[in-house]
Participant: 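Have a look at this one.
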Amino acid sequence: MTVLKTSMRNFFAHKGRMALSAVAVLLSVAFVCGTLVFTDTMNTTFDKLFAATSSDVTVTPKAAKSDEAPQSGRPESMPASALTRAEQANGVKSAEGAVSSMNVTVVNSDNKNMGSTTGAPTIAGNWTKNDLRSMQITSGHAPRGPTEVMVDADTVDKHHLKLGDELRTIAVTGDFRAKIVGIATFKVTNPGAAIVYFDTATSQRELLGATGRFTHINVTAAAGVGDEQLKRNVTDALGAGSYKVQTQKETADENRKGINGFMGVIKYAMLGFAGIAFLVGIFLIINTFSMLVAQRTREIGLMRAIGSSRGQVNRSVLVEALLLGVVGSLLGVAAGVGIAVGLMKVMSSMGMDLSTRDLTVKATTPVAGLLLGVVVTVLSAYLPARRAGKVSPMAALRDAGTPADGKAGLVRGLIGLVLTGAGTFALYAAATADKASDGSLVLGVGVVLTLIGFVIIGPLLAGVVVRVISAVLLRAFGSVGRMAERNALRNPRRTGATGAALMIGLALVACLSVVGSSMVASATDELDRTVGADFIVQGNQRIVAQAEKAMQATPGLAHVTRYKDLKAELTTPDGKVDDSGITAADPTYAQDLHRKTTAGELTAAYGKDAMSVGSDYAKKHGVKVGDTVSVAFTGGSTAKLKVAAITDDDVAIDQGARYTSIETMKKYLPADKVPPNQIMFGEAKKGQEKQAYAALKKAMEPYPQYQVRDQTDYKQELKDQVGQLLNMVYGLLALAIIVAVLGVINTLALSVVERTREIGLMRAIGLSRRQLRRMIRLESVVIALFGALLGLGLGMGWGTTAQKLLALEGLNVLEIPWPTIIGVFIGSAFVGLFAALIPAFRAGRMNVLNAIATE
């Protein structure tokens with residue numbers, strides 16, 4: 001009980017000093033809990049949606065896959081006779097045929113795409129009784145003819161539509177128009193998909209290109225019949241193995257698989273950044289308790305002198321850490337729910353609707369947050385607590401502060417140097433690896449070892465780096481600058497730990513900046529070297545036939561190249577089989593993309609019954625020019641294609657691609673199975689580049705789902721995409737940097753308290769308030785720049801090594817983004833200035849006599 005009372009007294013006596021550490025715990029726990037609540041809420045939203053939209057039993061074609069778009073652009077379908085047989089199965093109350101397609105684009109009268117901007121699909125189909133499970137008609141009526149369409153209420157609100165407006169639907173089979181006659185509202189949360197409904201006949205004709213066919217059958221069970229029993233009955237009626245028959249749960253589970261991967265990436269990426277914030281917070285907590293222990297040396301010595309054991313002192317400090325962890329974690333859990341709600345609002349503003357009605361806070365979330373926050377805090381305080389337990393009773397006779405342990409510092413330095421050396425060797429090994437897959441693991445080891453090594457040798461580096469920075473920046477400030485330098489050097493361990501917190505975040509920033517810039521530079525260089533096409537047309541939907549014809553009819557184009565990716569199973573002469581597919585293109589693709597060959601001529605690969613393979617594939621399977629590869633086209637027949645060329649895989653564009661001609665493909669694939677183009681290329685007639693570009697853009701205007709880009713546009717878009725990704729990552733890393741800034745503030749604040757008497761003496765002999773504040777600000781700037789210099793140097797080393805690995809995948813250009821690196825370094829100085837504002841202000845307000853009298 002005495003230990004608890006002492007801990008409580010100390011905790012509340014130093015509550016101001018604990019506040020910043022509590023904020024660090026709060027932020028880290030909040031990010032973890034916010035991530036868990038956000039992803040759990042999204043899962044709840046989709047679970048409710050899939051459960052509401054799935055019938056008791058669903059019948060689909062055997063080849064249909066919920067997470068895979070059909071190659072032809074038309075959904076897999078089955079004849080109406082299947083519906084008749086399903087209706088006759090025992091235990092069936094009702095069965096209805098449904099049509100659904102996600103390979104459509106819907107535009108309004110202004111030719112604006114009505115689809116989601118977040119990647120959610122546009123779904124077109126017929127209105128059925130099963131849709132009443134998840135939707136209700138709130139305006140107008142269901143479609144009754146070929147010129148009528150019903151739209152979901154969310155899409156109506158987002159795009160300001162109303163009854164009577166005309167929509168054009170662009171499908172693989174052609175374009176068709178219909179007027180809005182009804183609006184249907186979701187009974188559950190719609191995560192952002194745009195839904196349009198037609199009558200059954202129109203859906204079959206326009207979406208499937210055939211009448212009397214359905215994409216799936218919704219079967220409702222009669223009273224007292226379970227889903228499993230109904231599934232068996234329907235399977236018997238249709239014939240085992242003829243179709244895929246699933247219960248409501250099985251259908252929902254299959255639909256959920258399509259988003260699990262995406263949700264997993266979001267969840268673990270955000271938790272990764274939360275982990276970084278926790279790592280940075282550890283330094284803050286260690287620094288806080290180390291300084292508090294040092295400042296209470298005489299107090300602890302007196303406790304030891306009157307009978308307190310080492311264990312009691314140790315436990316006293318750990319109990320303080322436990323209180324800090326509990327308070328910070330409880331606040332963090334509450335803040336995490338707020339973060340999750342904020343993320344939901346952000347996603348909703350971007351078009352992905354998430355309702356707070358589905359807010360899901362599982363019991364494990366606050367438990368995980370509390371456990372993580374408390375454990376990390378207590379473990380972080382263990383070393384300072386252990387140091388406190390070693391304080392002897394004689395320390396009560398000395399001034400505050402514990403003498404440095406020279407032997408421990410030497411051992412620490414040796415361990416740090418060994419780890420840094422091992423990490424550097426691992427980075428070198430990764431940079432010289434022959435395979436990217438092998439090198440990536442070694443790179444990870446190198447990153448971890450060098451990071452730990454730099455953290456451990458931080459105090460040693462502080463003595464050198466701080467002096468260098470001070471020589472450059474602080475000499476101009478005279479005696480104030482020299483005092484700031486000495487203050488930073490007074491406790492190298494503290495300076496090293498504070499700088500290390502900032503180092504971690506900035507190292508990741510520098511690494512990702514180097515990788516991102518190198519990717520853009522490499523891709524730009526390869527585009528310049530290999531892409532001969534003037535124009536590239538592609539979008540989020542395969543290029544429909546009507547858009548293809550519009551491009552081919554564009555004046556000013558010397559040629560147009562079609563490019564189709566095909567599902568196929570390849571069997572090489574060594575008997576190995578893989579299903580990685582093949583690419584069919586026009587012979588002009590050899591002009592549009594300049595590919596080097598290691599054997600044969602690429603133009604010959606576009607000849608009759610010929611193909612090319614990549615050099616890696618050829619080496620792996622022992623394929624040579626003249627060999628025959630068996631290609632079984634999905635939905636078609638098997639071809640025996642002669643290898644006419646082997647392309648060099650030392651590229652990033654189309655790496656590993658295997659080419660054949662579209663004419664060869666047509667011999668083995670029925671017309672209704674030929675897929676639309678994935679992408680198309682165009683080359684302008686000589687001297688007509690500008691005119692052809694303008695004409696092509698105009699020709700493709702009716703199809704807003706496709707983008708027309710010349711090489712300049714393509715490079716800029718690539719740069720923008722990488723930039724957006726990096727900005728998102730920088731935003732997440734900002735959490736760790738914020739915690740690091742709190743660490744600098746905490747270190748300075750505690751340092752000011754530790755030097756209260758010293759500050760009073762300096763003020764007494766003539767140091768002005770302005771000079772005092774400047775001294776503290778300069779000390780903060782030096783510490784921040786020390787962390788920035790280590791972090792940026794370490795990050796550039798990681799980024800350079802990562803680029804060497806990427807070079808094995810064809811990204812050969814290393815580019816250091818010096819403007820970003822220099823900007824971050826300068827920004828770190830402002831971070832230091834900001835961090836010093838409150839500590840400097842408090843120091844300047846000290847009463848001189850009271851400060852001198854402080855023990």
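From a predicted model like this one, the values you see are computed outputs, not experimental measurements.
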Participant: Nearest heavy-atom pair of A430 and V442: which atoms, and what distance?
Facilitator: N-CG1, 3.9 Å
Participant: Side-chain contact test, heavy atoms from C-beta onward, threshold under 4.5 Å: evaluate it for R842 versus M846 and give yes or no.
Facilitator: no
Participant: How long is the gap from CE on M270 to CZ on F38, to the nearest 0.5 Å?
Facilitator: 6.5 Å
Participant: Less than 4.5 Å apart, any side-chain heavy atom of L502 and any of I737?
Facilitator: yes
Participant: Would you check if the side chain of S517 reaches a backbone N or O of E815 as a donor-acceptor pair within less than 3.5 Å?
Facilitator: no
Participant: Is any side-chain heavy atom of V782 less than 4.5 Å from a side-chain heavy atom of L473?
Facilitator: no
Participant: List the atom of V23, the atom of L742, and the distance in Å for their closest heavy-atom pair.
Facilitator: CG1-CD1, 3.4 Å
Participant: Working note: I457 + R412, criterion side chain to side chain contact (heavy atoms under 4.5 Å, CB included); need CA distance, chi angles, decisive distance, verdict.
Facilitator: CA-CA 7 Å; I457 64 172; R412 174 191 178 115; over 6 Å; no
Participant: Roughly how far, to the nearest 0.5 Å, is CG of L725 from OH of Y730?
Facilitator: 9.5 Å
Participant: Should V361 and D40 count as side-chain neighbours, where that means a heavy-atom distance under 4.5 Å?
Facilitator: no
Participant: Tell me the closest heavy-atom pair linking L778 and A484, and the distance in Å.
Facilitator: CB-CB, 3.7 Å
Participant: I'd like to know if the side chain of T360 and the backbone of D358 have a donor-acceptor N/O pair within less than 3.5 Å.
Facilitator: yes
Participant: Side-chain contact, heavy-atom cut-off 4.5 Å: T495 with N491?
Facilitator: no
Participant: If you count every heavy atom of other residues, nucleotides or ligands that lies below 6.0 Å from F825 atom CZ, does the total exceed 12?
Facilitator: yes
Participant: Could you tell me which residues satisfy side chain to side chain contact (heavy atoms under 4.5 Å, CB included) with L772, sequence neighbours excluded, listed by chain and number?
Facilitator: I759, R763, L767, M775, I776, A843
Participant: Please round to the nearest 0.5 Å and tell me the distance separating atom SG of C33 and atom CG of L370.
Facilitator: 7.5 Å
Participant: Using every non-hydrogen atom in the two residues, find where A736 and I276 come nearest and quote the distance to one decimal.
Facilitator: CB-CG2, 3.7 Å
Participant: For the backbone of P459 and the side chain of R493, can you confirm whether one donor and one acceptor N or O come within less than 3.5 Å of each other?
Facilitator: no
Participant: Looking at I838, I'd like to know if its CD1 atom is crowded, meaning that more than 12 non-hydrogen atoms belonging to other residues, nucleotides or ligands lie closer than 6.0 Å.
Facilitator: no
Participant: Could you walk me through whether L790 and L794 pass the side chain to side chain contact (heavy atoms under 4.5 Å, CB included) check?
Facilitator: CA-CA 6 Å; L790 293 188; L794 194 59; over 6 Å; no
Participant: Please walk me through it: do S780 and L833 pass side chain to side chain contact (heavy atoms under 4.5 Å, CB included)?
Facilitator: CA-CA 7 Å; S780 178; L833 285 173; over 6 Å; no
Participant: Determine yes or no for a side-chain-to-main-chain donor-acceptor pair under 3.5 angstrom, with S28 supplying the side chain and V25 the backbone.
Facilitator: no
Participant: So, taking the atom named CZ in F786 and the one named OG1 in T498, what distance separates them when rounded to the nearest 0.5 Å?
Facilitator: 9.5 Å
Participant: Is the shortest heavy-atom distance from the side chain of V744 to the side chain of V831 under 4.5 Å?
Facilitator: no
Participant: Which pair of heavy atoms, one from S828 and one from A788, lies closest together, and at what distance?
Facilitator: OG-CB, 3.2 Å
Participant: Do you see a donor-acceptor pair shorter than 3.5 Å between the side chains of Y428 and T801?
Facilitator: no
Participant: Does Y382, at its OH atom, have more than 12 non-hydrogen atoms belonging to other residues, nucleotides or ligands within less than 6.0 Å?
Facilitator: no
Participant: Within this structure, what is the CG-CG distance for the pair L26 and L331, rounded to the nearest 0.5 Å?
Facilitator: 5.0 Å
Participant: Could you tell me whether R490 and E779 have a side-chain N and a carboxylate O separated by less than 4.0 Å?
Facilitator: no
Participant: Would you indicate whether the side-chain heavy atoms of L359 and M344 approach each other to under 4.5 Å?
Facilitator: yes
Participant: Quick one: pull up CG in L419 and CG in L451 and give me the separation to the nearest 0.5 Å.
Facilitator: 10.5 Å
Participant: I'd like to know whether F278 forms a side chain to side chain contact (heavy atoms under 4.5 Å, CB included) with V739, so could you lay out the CA-CA distance, the side-chain angles of the two residues, the decisive distance to 0.1 Å, and finally the verdict.
Facilitator: CA-CA 9 Å; F278 261 116; V739 175; over 6 Å; no
Participant: Is the backbone N or O of L36 less than 3.5 Å from a side-chain atom of T39, with the two atoms forming a donor-acceptor pair by type?
Facilitator: yes
Participant: Does the side chain of L449 come within less than 4.5 Å of F425's, by heavy atoms?
Facilitator: no
Participant: Looking only at non-hydrogen atoms, find the nearest pair between A488 and I783 and report the distance.
Facilitator: CB-CG1, 4.5 Å
Participant: Can you name the residues that form a ring-ring contact (aromatic ring centres under 6.0 Å, His included) with F273, not counting sequence neighbours?
Facilitator: none
